[in-house]
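Heads up, the thing below is written out as structure tokens.
Read the numbers this way: they start at 1 and go in the same order the structure lists the ligands and their atoms. Heads up: numbering here begins at 1 and tracks the sequence.
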Amino acid sequence: MSTPRHFLTLLDLDPAQLLRLIRRAGELKAMQRRGELYEPLKNRVLGMVFEKSSTRTRVSFETAMIQFGGGSIFLSPRDTQLGRGEPVEDTARVLSRMVDVIMLRTYSHEMQQRFAAHSRAPVINGLSDLHHPCQLLADMQTWYELRGDMRGKTVAWIGDGNNMCHSYIHAARQFGFHLRIACPEGYDPTILDEPGNAAVVRLERDPLAAADGADLVVTDVWASMGQEEEARQRQQAFAGFQVNAAVMRRARPDALFMHCLPAHRGEEVSAEVMDGPQCVAWEEAENRLHAQKALLEFLLEKPG
Ligand code: CP
Ligand code: NVA
């Protein structure tokens, strides 16, 4: 049996594969807009394990499987044996003998690696504490649709050095853009010592300096899932790191603003920017569906 391809981070695919996937996502979007029936995954099943809440990830994967002619199963640790201590490795062995592809949304990234190591089926990271690569496929698709090539562009990440920020670091490597990251002290990304990462990043403490002349400004929540108890302390630490009109004025006049959602107006982003003309968060959200369809097709196609 051949080893399955997994998608745990953006580094699991090479730059050419990522670009092909994004182009394919655009084709699949156009096909759907034309009302074309396309069911390449008839009788195929996606198993989805969610340790955390989700709106976009769950709905986009379920919709993708229905539109592709297959089906999906939603699993939560609360009502599976995983929540009662069945080892991750055993769960991976069992699930991957039944379903064709598996999506995991977990706290620990290491759990996804252990799962993938024991899975016969491709495993997709639908968010871990370290990475959110599916969101980056949608973000990059959105950029390519609206602005074309990403190479040489400047992206300003403002806020927490979290899972989304980490996936932007990988995206900068894979898609060839410059990344400036403005985080308060103590909230820097934790993957900068991974080979290849530090070279694509410029760390700033001043959001205005990070945004200066940027083509794209991105942020995310100040307290991610699992950090609810730190929310108050984080609000204090991140005051001054809001993406607002003053930050957007420092970026290029045609700069776009992205947010993976859910957004908290008045915290990481002002309502003016979130509901303003530079915000493309709704396109980004829709593209989760198209980009993940392209990903499912890629992971399930027969190698060679
Ligand atoms: N952006 C994103 O992953 O949203 P959900 O948490 O709703 O899936
Ligand atoms: N950083 C956020 C992303 C949500 C899609 C979180 O992990 O909660």
Name the orientation class of the two ring planes belonging to Y144 and F175 (parallel below 30°, tilted from 30 to 60°, perpendicular beyond 60°).
tilted
Heteroatom proximity flag, C260 to ligand 2, N/O under 3.5 Å:
no
Give the contacting part of R105 toward ligand 1: side chain, backbone, both or neither, where contact means a heavy-atom distance below 4.0 Å.
side chain
List every atom of ligand 2 that sits less than 4.0 Å from any heavy atom of L261, numbering the atoms from 1 in the order shown and giving each element.
5 (C)
Contact partition for R58 relative to ligand 1, non-hydrogen atoms under 4.0 Å:
neither
Can you find an N/O atom of S224 closer than 3.5 Å to an N/O atom of ligand 2?
yes
Protein contact of atom 3 (C) of ligand 2 - nearest heavy atom, named by residue and atom, plus distance
D220 OD2, 3.6 Å
Would you check the N or O atoms of L261, main chain and side chain alike, for any that come under 3.5 Å of an N or O of ligand 1?
yes
I need the nearest protein heavy-atom contact for atom 7 (O) of ligand 2: residue, atom name and distance, please.
N163 ND2, 2.8 Å
How close does the nearest protein non-hydrogen atom get to atom 2 (C) of ligand 1, and which residue and atom is it?
R288 NH1, 3.4 Å
If you count every heavy atom of other residues, nucleotides or ligands that lies below 6.0 Å from E185 atom CD, does the total exceed 12?
no
Students should be able to answer this: which protein heavy-atom is nearest to atom 7 (O) of ligand 1, and at what distance?
T55 N, 2.7 Å
Considering only non-hydrogen protein atoms, determine which one is nearest to atom 4 (O) of ligand 1 and report residue, atom name and distance to 0.1 Å.
R56 NE, 2.8 Å
For ligand 2 and H132, I'd like to know whether there is a polar contact (N/O to N/O, distance under 3.5 Å).
no
Contact between ligand 2 and D160 is defined here as a heavy atom of the residue under 4.0 Å from a ligand atom; is it met?
no
Specify the protein heavy atom at minimum distance from atom 3 (O) of ligand 1: its residue, its atom name, and the distance to 0.1 Å.
H132 NE2, 2.8 Å
Distance filter under 4.0 Å to N162 heavy atoms, resulting ligand 2 atoms
1 (N)
For atom 1 (N) of ligand 1, what is the closest protein heavy atom, and at what distance to 0.1 Å?
C260 O, 2.9 Å
Sidechain N-carboxylate O distance under 4.0 Å for E27, R34
no
Heavy-atom nearest neighbour in the protein, as seen from atom 4 (C) of ligand 2, with distance rounded to 0.1 Å:
L127 CD1, 3.8 Å
Is the ring pair F238/W222 parallel, tilted or perpendicular, if the boundaries are 30 and 60 degrees?
parallel
Do any N/O atoms on L127 end up under 3.5 angstrom from N/O atoms on ligand 1?
no
